[in-house]
Amino acid sequence: MPVEEFVAGWISGAVGLVLGHPFDTIKVRLQTQNTYQGIVDCILKTYRHESVLGFFKGMSFPIASVALVNSVLFGVYSNTLLALTATSHQERRAQPPSYTNIFIAGCTGGLLQAYCLAPFDLIKVRLQNQTEPRMQIGSSQPRYRGPVHCAASILREEGPQGLFRGSWALVLRDTPTLGMYFVTYEGLCRQYTPEGQNPSSATVLVAGGFAGIASWITATPFDVIKSRMQMDGLKGRKYRGMLDCMASSFQQEGIGVFFKGMTLNSARAFPVNAATFLSYEYLLSLWR
C-alpha cells in the first residue's frame, strides 16, 4: 500500500488547519450559541472579551489529530482508487478514473475519516465554545483547562460514549460530501488541463477551492446538528438523539437553523482547500 499519500495528506491537513481555524471557531459558536447577532458581532465580541487568542481556542489538539485524520482521508481515497482502477496517483492523468470510482473512493475516505475524527472533533468544539478569557485575574475559569483535561472530564462525566456524541451526524456529513469533494476537484482539473498533463498550480488552487465550497454547502446542515449534539451533555442532556435534535432545532429556530455558518464555511473553504490540495499535489510530485 503506497504510504506517500498518507504523509502528504497529513502535512496538507496541517497547512489547511492553520489557515482555517479562526473561521472554524466563529462558525462553531454561531451554530451552538444564540448570543450573537451575526458573523461580525461574533468576531467583535470574541476579540473584545478574549483577545486574538479566542479565535485559536482548541487548535493545539487538532494540529496533530485533525492533520492525522486528513492523512486518513487522502490515503484511503488514493488507495481505494488504486484498488478500483489499478492505477497509481501519477498514472491517473494519462488514465483518468471514472467519476463513479472517484465518488466511491471519496465516500470511503470520508466514512473512515469521520470514524477517526469523532472524538477529536468533539474536544475541539467543546474548547472552541469556551468564551472565558485566559490569564485574567478574577475572571471565571474555563470548564476545561486543555484538550487532555477535556477528554478526561468527558470520560469521567459522560462515559466513553460521550466522546462519540454527534458521530452519526458527522458520518452523514462527511461520507457523501467528500465523495462530491473529490469529484468536483477532479472534474475542474480535467476541464482546465490538457489531456495527459498534470494540472498547473493555478488550476489546483482554483479546483481545490471550489471543491471545498461545493462540499461545505451540502455539508452545513449536518454540520450544525453535529456541533449541537457534541455540546449536548455539557449541562445535562437536551436531545434524545440526532432526529430529536433536528426536530427541536427546526421548531425553535426555523429552517434557517440548518444553514447557520454556511457563509463562513464557504469563505473558509476556498483558501483552506486550495492550500490543502496545492500542498498535497506538490508533495506527491516531489516523491515521484
Side-chain angles (χ1 to χ4, degrees), residues 16-59 61-62 66 121-134 136 139-140 142-144 165-166 169-170 172-174 177 180-181 209-235 238-239 242 244-276:
L17 178 68
V18 172
L19 286 173
H21 194 82
F23 294 99
D24 188 61
T25 298
I26 299 301
K27 180 263 297 183
V28 166
R29 292 186 176 190
L30 287 172
Q31 289 177 339
T32 57
Q33 301 180 34
N34 293 319
T35 57
Y36 305 111
Q37 297 174 2
I39 295 172
V40 175
D41 183 52
C42 184
I43 292 172
L44 291 175
K45 285 180 178 178
T46 298
Y47 179 74
R48 289 170 183 167
H49 190 57
E50 305 165 62
S51 79
V52 71
L53 294 176
F55 299 105
F56 293 91
K57 283 187 173 177
M59 184 174 174
F61 199 45
V66 175
D121 191 65
L122 182 140
I123 292 168
K124 175 186 72 71
V125 167
R126 292 277 179 100
L127 292 174
Q128 285 176 316
N129 268 298
Q130 295 191 144
T131 57
E132 297 85 357
R134 294 181 178 179
Q136 288 189 13
S139 62
S140 58
R143 183 185 184 101
Y144 305 120
R165 200 177 301 282
L170 185 62
L172 291 173
R173 185 197 76 175
D174 283 359
T177 55
M180 180 188 299
Y181 176 66
F210 279 108
I213 291 174
S215 63
W216 271 112
I217 286 174
T218 56
T220 296
F222 278 112
D223 189 50
V224 173
I225 299 305
K226 182 269 304 178
S227 295
R228 294 190 169 203
M229 291 292 294
Q230 289 171 329
M231 291 303 296
D232 195 35
L234 190 62
K235 297 179 180 178
K238 182 179 179 180
Y239 306 116
M242 185 177 69
D244 183 53
C245 179
M246 295 173 68
S248 298
S249 297
F250 175 74
Q251 289 172 0
Q252 294 172 15
E253 302 173 58
I255 192 68
V257 69
F258 299 113
F259 301 96
K260 280 190 172 183
M262 178 176 284
T263 301
L264 269 175
N265 274 337
S266 300
R268 179 190 65 157
F270 193 95
V272 167
N273 290 282
T276 297

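Closest approach of G212 to N273, counting heavy atoms only: CA-ND2, 3.4 Å. Counting all heavy atoms, side chain and backbone alike, C245 lies closest to M229 at CB-SD, 3.6 Å. The nearest pair of heavy atoms linking V272 to G20 is CG2-CA, 3.4 Å.
The side chain to side chain contact (heavy atoms under 4.5 Å, CB included) check on P22 picks up F55, F56, with sequence neighbours excluded. Under the salt bridge (Lys or Arg N to Asp or Glu O under 4.0 Å) criterion, D24 pairs with K27, K124, R268, not counting sequence neighbours. Looking at residues two or more places apart in sequence or on another chain, you find no side-chain hydrogen bond (donor to acceptor under 3.5 Å, both in side chains) involving T276. Scanning for ring pair (Phe, Tyr, Trp, His ring centres under 6.0 Å) contacts around F23 gives an empty result, with sequence neighbours left out. Listed by chain and residue number, nothing satisfies the ring pair (Phe, Tyr, Trp, His ring centres under 6.0 Å) test with F258 (two or more places apart in sequence, or in another chain). Partners of S215 according to the side-chain hydrogen bond (donor to acceptor under 3.5 Å, both in side chains) rule, which considers only residues two or more places apart in sequence or in another chain, do not exist here. Scanning for side chain to side chain contact (heavy atoms under 4.5 Å, CB included) contacts around Q252 gives K238, S248, with sequence neighbours left out. Residues satisfying the side chain to side chain contact (heavy atoms under 4.5 Å, CB included) criterion with T218, sequence neighbours excluded, are T177, M180. Residues passing the side-chain hydrogen bond (donor to acceptor under 3.5 Å, both in side chains) test with Y239: none are found, sequence neighbours excluded. In terms of the side chain to side chain contact (heavy atoms under 4.5 Å, CB included) criterion, residue partners of L30 (sequence neighbours excluded) are, by chain and number, I26, Y36, I39, C42, L264. Applying the side-chain hydrogen bond (donor to acceptor under 3.5 Å, both in side chains) rule to E253 yields the partners R228, K260; only residues at least two apart in sequence or on another chain are considered.
To the nearest 0.5 Å, the span separating CZ on F259 from OG1 on T220 amounts to 8.5 Å. F250 CZ to I225 CD1: the interatomic distance, rounded to the nearest 0.5 Å, is 11.5 Å. Here the straight-line distance linking atom CZ of R126 with atom OG1 of T32 works out to 10.5 Å at 0.5 Å rounding. Taking CD1 from I43 and NZ from K45, the interatomic distance works out to 13.0 Å, rounded to the nearest 0.5 Å. For the atom pair CG of L53 and OH of Y47, the computed distance is 10.5 Å after rounding to the nearest 0.5 Å. Here the NZ atom belonging to K57 is positioned 10.5 Å from the NE2 atom belonging to H21, to the nearest 0.5 angstrom.
Using a distance-only test at 3.5 Å, with no hydrogens or angles considered, no donor-acceptor pair links the side chain of R165 to the main chain of L122. Here the side chain of R29 pairs a donor or acceptor atom with the backbone of Q130 at under 3.5 angstrom.
Residues K226 and V125 form a side-chain contact, since some pair of their non-hydrogen atoms from C-beta on lies under 4.5 Å apart. Between W216 and D223, the closest side-chain pair of non-hydrogen atoms falls below 4.5 Å.
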